[in-house]
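Since the structure comes first, as structure tokens, the remarks are kept for the end.
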Amino acid sequence: MQLEDIKTIGVVGAGQMGRGIGQVCATAEYQVLLVDVAEPPLQEALSKIRAGLERAVERGSITRHQAGKVLALIRPIVQLDRLRDAQLVIEAVPEDLALKQALFAELNRICDASVVLASNTSSISITKLGAASGRPDRVVGLHFMNPAPVMRLVEIVRGLETSERTLHLALDLAKRLGKTPVVAKDVPGFIVNRILMPMINEAAFALEEGVASAEDIDLAMTTGANHPVGPLALADRIGLDTVLAICEVLYQDLGDPKFRPCPLLRRYVEAGWLGRKSGHGFYLYEASGERHETAKGTGSAVWGGACPPAR
Ligand code: NAD
């Protein structure tokens, strides 16, 4: 498969990453088949894409006509089998090895043998997904950053058996999508999350130990280290379930105790505090996804004593 042969891209998983990747592909004039397990997440994805495009029109960065064209190119579907019409597939389902392995085996059954299957995984081994797919030479990591329409980087991850041809197709596609690709070895967390997750995890430990409030930890890193967003606010944006899943992969696969996930993070996920997407994480959020202006961060200096602030 050459880049010119790709007209339709399948994106599996219409959560915050899948919908962003779908928008990026449609903006580059690809037909997009956006797949999820049910209609509600697909409708939510479309309305979020529409709202994002509307804001871009208001800012003057795109015309209303362009926004309409992008939306028209995204087709929401619940039947995975429809991906037989795609010439490339990007998987963006939750960060769960068994789920992704089953999906890659299924995609191998559905898609033409020439089709490259890419994963947006943040940390899971591309080699493992390649083995599950039955076509390891045509499996590659295509790791977009969040939010995908805004962030320039895409990490291209080469599994043990990823072919040179697949690697170059992934590089060419990333450039065609207007992104800056970097190639990373297939090691847990690749480049960005190998460095970013220990920082977020350490911020959670600092909160748990009562070093400072969530607001002050974030303020220290934005004003003291010039980060555009603090680590705890960033964790809420990524999703605490995703952050924990990545930390688990780093801890287990690298076998180094320095990657041990913070117990406070684990406890928040157990409580269903997943960050922005559940309305509650280190901070509270409105239904619109905006930060609750008056609420304080939810962290407490007492282990496990973190309690929700009054709404
Ligand atoms: P999410 O929870 O927002 O979305 C996942 C979506 O996948 C949901 O809509 C869910 O219904 C759907 N899904 C679950 N099982 C499915 C299946 N079998 N078939 C089709 N759809 C299915 O998760 P996310 O934050 O978008 O993360 C998705 C992937 O992207 C993960 O591998 C994650 O590590 C990676 N990633 C996340 C971020 C981030 O900041 N959140 C950044 C880069 C990469």
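In each ligand, atom 1 is the first atom listed, and ligand 1 is the first ligand listed. We number each residue from 1, following the sequence as shown.
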(message) Taking distance alone, with N or O pairs closer than 3.5 Å, would you say Arg237 contacts ligand 1?
(response) no
(message) Contact between ligand 1 and Arg19 is defined here as a heavy atom of the residue under 4.0 Å from a ligand atom; is it met?
(response) no
(message) Using a 4.0 Å cut-off to any heavy atom of Thr242, which atoms of ligand 1 qualify?
(response) 33 (C), 34 (O)
(request) Compute the shortest N/O to N/O distance between Met145 and ligand 1 and return yes if it is under 3.5 Å, no if not. (result) no
(message) Distance alone, cut at 3.5 Å: any donor-acceptor contact between the side chains of Ser119 and Glu91?
(response) yes
(message) For the residue pair Arg260 and Tyr251, would you count it as a cation-pi contact if the rule is NZ or CZ under 6.0 angstrom from the ring centre and within 45 degrees of the ring axis?
(response) no
(request) Under 4.0 Å from a heavy atom of His143: give me the atoms of ligand 1 that qualify, with their elements. (result) 43 (C), 44 (C)
(message) What I want to find out is whether Glu44 reaches Lys48 closely enough, with some N-O distance under 4.0 Å, to be called a salt bridge.
(response) yes
(message) My understanding is that we take every heavy atom of each candidate and find the minimum distance to atom 32 (O) of ligand 1. Doing that for Arg276, Met151, Glu95, Glu106, which one comes out nearest?
(response) Glu95
(request) Say whether Glu91, considering both its backbone and side-chain N or O atoms, lies within less than 3.5 Å of an N or O atom on ligand 1. (result) no
(message) Assess whether a salt bridge exists between Arg59 and Glu54, defined as any Lys/Arg side-chain N lying under 4.0 Å from an Asp/Glu carboxylate O.
(response) no
(request) Please confirm whether Thr121 comes within less than 3.5 Å of ligand 1 when only nitrogen or oxygen atoms on both sides are compared. (result) no
(message) Counting only heavy atoms closer than 4.0 Å, does ligand 1 sit against the backbone of Lys100, its side chain, both, or neither?
(response) side chain
(request) Specify the protein heavy atom at minimum distance from atom 18 (N) of ligand 1: its residue, its atom name, and the distance to 0.1 Å. (result) Leu99 CD1, 3.9 Å
(message) Side chains of Thr127 and Glu161 only: does a donor on one sit below 3.5 Å from an acceptor on the other?
(response) no
(message) Students should be able to answer this: which protein heavy-atom is nearest to atom 4 (O) of ligand 1, and at what distance?
(response) Gly15 CA, 3.2 Å
(request) May I ask you to check whether Asn146 has an N/O atom sitting below 3.5 Å from an N/O atom of ligand 1? (result) yes
(message) Counting C-beta onward and ignoring hydrogens, is there a side-chain heavy-atom pair between Arg82 and Arg75 closer than 4.5 Å?
(response) yes
(request) Starting from atom 25 (O) of ligand 1, find the nearest protein heavy-atom neighbour and note its residue, name and distance. (result) Gln16 CG, 3.3 Å
(request) Provide, to 0.1 Å, the distance between atom 11 (O) of ligand 1 and the closest protein heavy atom, together with that atom's residue and name. (result) Asp36 OD1, 2.7 Å
(request) Can you pull out the closest protein heavy atom to atom 22 (C) of ligand 1? Residue, atom name and distance to 0.1 Å, please. (result) Val93 CG1, 3.6 Å
(message) Strictly distance-based, threshold 3.5 Å: is any side-chain N or O of Arg276 a donor or acceptor partner for the main-chain N or O of Ile238?
(response) no
(request) Look at the side chain of Asn193 and the backbone N and O of Ser123, then say whether any donor-acceptor pair between them is shorter than 3.5 Å. (result) no
(message) Using 0.5 Å steps for rounding, measure from the CD1 atom of Ile124 to the NE2 atom of His143.
(response) 11.0 Å
(request) List the steps, then state whether side-chain contact (heavy atoms from CB on, under 4.5 Å) holds for Glu29 with Lys69. (result) CA-CA 8 Å; Glu29 299 184 351; Lys69 265 175 71 179; 3.8 Å; yes
(message) Starting from atom 41 (N) of ligand 1, what is the nearest protein heavy atom, named by residue and atom, and what distance separates them?
(response) Ile238 O, 2.8 Å
(message) If you take the nearest heavy atom of each of Ala235, Ala45, Ser122, Ser123, which one is closest to atom 44 (C) of ligand 1?
(response) Ser122
(request) Salt-bridge test for Lys277 and Asp241: reply yes if a basic N is under 4.0 Å from a carboxylate O, no otherwise. (result) yes
(message) Does Leu173 form a side-chain contact (heavy atoms from CB on, under 4.5 Å) with Leu3? I'd like the steps, not just the answer.
(response) CA-CA 7 Å; Leu173 177 68; Leu3 188 65; 4.0 Å; yes
(request) List the closest protein heavy-atom neighbour of atom 42 (C) of ligand 1: residue, atom name, distance to the nearest 0.1 Å. (result) Met17 SD, 3.5 Å
(request) Measure across Val11 and Val32 and return the closest heavy-atom pair with its distance rounded to 0.1 Å. (result) CG2-CG1, 4.1 Å
(request) Please confirm whether Pro94 comes under 4.0 Å of ligand 1, counting heavy atoms of the residue only. (result) yes
(request) Just need the protein heavy atom nearest to atom 20 (C) of ligand 1, so name the residue and atom and give the distance. (result) Val12 CG1, 3.5 Å
(message) Using heavy atoms and a 4.0 Å limit, tell me yes or no: is Asn120 in contact with ligand 1?
(response) yes
